[in-house]
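Below you'll find the structure, written out as structure tokens, and then a few comments.
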Amino acid sequence: MVKKKLYIVLTALALLIITGCSAKGDEVTEVSGEIDAEEVLGLDPDADIFQFEGVIYQTNIDWVDKLALTKDVQVGEIKKINDANTDFNDEMANKLKVGSKIFSAKERKDILIVENDSGLFHYLAIVEG
């Protein structure tokens, strides 16, 4: 009886592994990891955001502001302000000044550092979990 149960369990496990690893034609499921400006501003209309390489970045996040980060290379700059709607393009912000410089952070790839005449600001990439 024990051998029969073991055989059934092993057969079921083998079938699960085989079907789980098999290709399913040309079907591709994509999961979007990015949240757009409309979603961020819908949750927090006062959010300070910008878009860079298709990703929305947001500042004034307590735990991010507490990080000790080092400015690395300049990767871009804010070229346009959009405080009228939620249709954002790369290097567009709703509160930063045009000409604000965008830098990578040495310690983290999900945070960009923005520098302008008001100081340095840490912006976290806002992506779905």
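Nothing fancy with the numbering, it's 1 onward along the sequence.
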Scanning both residues in full, the closest heavy-atom pair of Ile49 with Ala37 reads CD1-CB, 3.8 Å
By salt bridge (charged side-chain N to carboxylate O under 4.0 Å, His left out), Lys71 pairs with (sequence neighbours left out) Glu115
By side chain to side chain donor-acceptor pair (under 3.5 Å), Asn85 pairs with (sequence neighbours left out) Asn82
OG (Ser100) and CG (Asp117) are apart, to the nearest 0.5 Å, by 7.5 Å
Residues 35-50 vs side-chain hydrogen bond (donor to acceptor under 3.5 Å, both in side chains), sequence neighbours excluded, gives Asp48-Tyr123
When every non-hydrogen atom of Asn94 is compared with those of Ala47, the smallest separation belongs to ND2-O, 2.8 Å
- Item | ILVMFWY network linking Val73 to Ile102, side-chain heavy atoms under 4.5 angstrom | yes
Residues passing the salt bridge (charged side-chain N to carboxylate O under 4.0 Å, His left out) test with Lys106, sequence neighbours excluded, are none
Residue pairs passing the salt bridge (Lys or Arg N to Asp or Glu O under 4.0 Å) test with at least one member in residues 72-84, sequence neighbours excluded, are Lys79-Glu91
State, with a plain yes or no, whether a side-chain heavy atom of Glu107 is found less than 4.5 Å away from one of Thr70.
yes
Contacts table for residues 51-66: side-chain donor-acceptor under 3.5 angstrom, sequence neighbours left out:
unit_1: Gln51; atom_1: NE2; unit_2: Asp90; atom_2: OD1; d: 3.1
unit_1: Thr59; atom_1: OG1; unit_2: His122; atom_2: O; d: 2.8

Of all heavy-atom pairs linking Ala93 and Phe50, the shortest is CB-CB, 3.6 Å
Between the CD1 atom in Ile113 and the CG atom in Leu69, the distance rounded to the nearest 0.5 Å is 5.0 Å
